[in-house]
Amino acid sequence: MIVTTKDLFEHAYGKYAVGAYNINNLEQAMGLFRGNLGKLDSAEAPEDEAVSAPFIIQISRGARSYTDKRMLEAVIRGAEEVFPEAVFAVHLDHGTEEACYDCIDSGFYSSVMIDASHEDFDENIAITKRVVERAHEKGIVVEAELGMLGGVEEDIQVDEAHASLTDPDQAVEFVERSGCDSLAVAIGTSHGAYKFAGGQGLHFDRIEAIGKLLPNFPLVMHGSSSVPKEWVDRINGAGGEMPGTAGVDEEQYLPAAKLGVTKVNIDTDGRLVWCAVHREFFRDNPAEFDLRGPGKPFMNAYAEFIAHKNGKLGSAGQLAAVRSGLGATV
Ligand code: G3H
Ligand code: 13P
Ligand code: ZN
């Protein structure tokens with residue numbers, strides 16, 4: 001069942017964070033749905049209520065053009081049929097104004113992110129407001145961004161020196177003037193596998209300050225991958241070269257959620273799982289060339305990874321309550 005991120009945030013706010021996972025292909029979609037339903041062995045396994053979680057599927061502009069946006073949409077529609085118990089939002093990640101309108105008009109997305117954070121304050125508000133007006137007319141909700149994360153996102157590289165934390169007073173004005181439904185805030189994280197170049201971690205004081213001025217308003221944390229050492233070691237042990245990686249401490253997801261961080265964006269970690277499984281498979285099976293060989297263990301590993309992540313976010317075990325709150329009958 002596709003719902004809006006707002007529907008999910010109403011249940012989660014202040015208690016847990018909803019995982020927002022980027023996907024690009026069929027195998028990721030399969031692992032994602034299975035992991036969120038606790039079907040760790042196969043799609044036919046019974047749903048495990050103790051770990052089942054609501055979730056957000058994120059589609060970046062890069063993912064939309066990797067094959068064709070309609071291919072990924074069709075995969076997700078297929079997953080919705082295969083897994084009718086799932087409750088999830090379909091969200092455009094880091095949209096331009098043009099991409100937002102395309103998604104709003106598609107009739108498929110329930111949520112879009114307009115990322116005009118590189119514009120000045122007033123222009124960011126003006127662009128966001130236009131998108132909010134178009135989206136709300138169709139019942140679609142909007143995430144906006146204020147502040148500047150470091151790292152690589154889509155085709156933009158922001159070095160740490162130019163990254164800047166979100167100003168709490170500006171956040172209040174931004175939300176009031178733009179009418180956005182949730183706000184991505186810069187609180188110390190960055191995109192990719194090499195976070196915290198300056199050695200710092202999450203800025204809890206900043207999250208708290210923003211949360212106090214915007215009570216009951218969902219905040220979004222981008223760049224939330226934990227870049228697990230286990231997966232990086234497996235990649236490096238199978239021929240990879242990824243020295244000096246760093247990510248967010250997973251134990252900090254829940255404390256951040258209690259302060260209002262209701263959506264936690266994770267892409268890089270999923271890529272690490274993919275890379276480790278495929279590297280190891282072909283290292284250990286040099287004569288193999290069948291894509292289903294690594295595809296199967298990848299889907300299993302990704303499902304387990306998602307279930308683990310949801311445990312850290314506190315969303316594991318929340319699906320039944322979300323479904324009954326939404327009056328779901330399937
Ligand atoms: O924030 C960026 C996301 O990780 C999406 O990455 O644009 O390479 O799909 P992508
Ligand atoms: P990571 O690079 O930490 O996975 O962040 C992903 C993200 O913020 C997508 O919008
Ligand atoms: Zn992001």
Side-chain angles (χ1 to χ4, degrees), residues 2-6 8 18-33 36 55-83 86 88-119 127-128 130-132 134-145 149 151-158 180-182 184 191-192 220 222-225 263-275 295 298-299 302 306:
I2 298 178
V3 299
T4 66
T5 44
K6 191 173 180 188
L8 300 181
V18 183
Y21 301 103
N22 290 71
I23 65 164
N24 293 267
N25 69 9
L26 173 73
E27 287 81 4
Q28 281 183 306
M30 196 63 174
L32 180 66
F33 277 79
N36 280 299
F55 61 103
I56 298 164
I57 298 182
Q58 304 212 113
I59 307 176
S60 70
R61 280 177 291 136
R64 276 159 62 80
S65 60
Y66 171 54
T67 51
D68 181 294
K69 60 192 178 186
R70 291 166 297 184
M71 299 286 285
L72 199 46
E73 285 182 22
V75 164
I76 295 167
R77 284 194 197 280
E80 192 187 9
E81 264 183 50
V82 175
F83 301 100
F88 59 100
V90 180
H91 174 80
L92 170 68
D93 191 27
H94 292 287
T96 56
E97 189 170 2
E98 192 191 359
C100 285
Y101 295 152
D102 194 53
C103 292
I104 291 165
D105 294 340
S106 75
F108 180 58
Y109 289 71
S110 58
S111 170
V112 294
M113 175 189 189
I114 171 67
D115 182 357
S117 59
H118 46 280
E119 303 285 353
I127 295 169
T128 301
R130 286 200 292 273
V131 172
V132 166
R134 280 269 290 264
H136 284 185
E137 267 174 30
K138 297 204 170 172
I140 294 164
V141 299
V142 178
E143 172 184 326
E145 178 168 331
L149 274 74
V152 186
E153 102 192 6
E154 293 283 0
D155 45 4
I156 301 173
Q157 163 91 48
V158 180
C180 65
D181 301 284
S182 60
H191 292 107
V220 178
H222 282 246
S224 309
S225 280
K263 174 171 177 274
V264 164
N265 285 16
I266 295 167
D267 182 0
T268 294
D269 285 350
R271 296 177 183 202
L272 296 176
V273 174
W274 184 92
C275 182
F298 167 70
M299 288 187 275
Y302 194 51
I306 295 288

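- Partners of K69 according to the salt bridge (Lys or Arg N to Asp or Glu O under 4.0 Å) rule, which considers only residues two or more places apart in sequence or in another chain, are D102.
- Looking at residues two or more places apart in sequence or on another chain, you find a side-chain hydrogen bond (donor to acceptor under 3.5 Å, both in side chains) between D267 and R271.
- The structure places CD1 of I23 at 5.0 Å from CG of L72, a figure rounded to the nearest 0.5 Å.
- By the side-chain hydrogen bond (donor to acceptor under 3.5 Å, both in side chains) test, R134 is found to be paired with D105, residues two or more places apart in sequence or in another chain being considered.
- Residues satisfying the side-chain contact (heavy atoms from CB on, under 4.5 Å) criterion with M113, sequence neighbours excluded, are H91, D93, H94, D115, E143, E145, A184, H222.
- Listed by first and then second residue, the salt bridge (Lys or Arg N to Asp or Glu O under 4.0 Å) pairs involving residues 70-82 are D68-R70 (not counting sequence neighbours).
- Distance check: F88 CZ to S111 OG gives 13.0 Å after rounding to the nearest 0.5 Å.
- L32 CG to I56 CD1: the interatomic distance, rounded to the nearest 0.5 Å, is 11.0 Å.
- Among residues two or more places apart in sequence or in another chain, the side-chain contact (heavy atoms from CB on, under 4.5 Å) test is passed with V132 by T128, H136, V142, C180.
- Scored by the side-chain contact (heavy atoms from CB on, under 4.5 Å) test, A99 finds R61, L92, T96 as partners (sequence neighbours excluded).
- Residues forming a side-chain hydrogen bond (donor to acceptor under 3.5 Å, both in side chains) with T268 (at least two apart in sequence, or on another chain): none.
- Taking the ring-ring contact (aromatic ring centres under 6.0 Å, His included) definition, one finds that F83 meets it with F33, sequence neighbours left out.
- A search for side-chain hydrogen bond (donor to acceptor under 3.5 Å, both in side chains) contacts involving E97 returns Y101, R130, not counting sequence neighbours.
- Evaluated for a side-chain contact (heavy atoms from CB on, under 4.5 Å) with Y109, the options I104, V90, I140, T4 yield exactly one hit, V90.
- Rounded to the nearest 0.5 angstrom, N24 CG and Y66 OH are separated by 7.0 Å.
- With sequence neighbours excluded, the residues forming a ring-ring contact (aromatic ring centres under 6.0 Å, His included) with Y302 are F298, F305, listed by chain and number.
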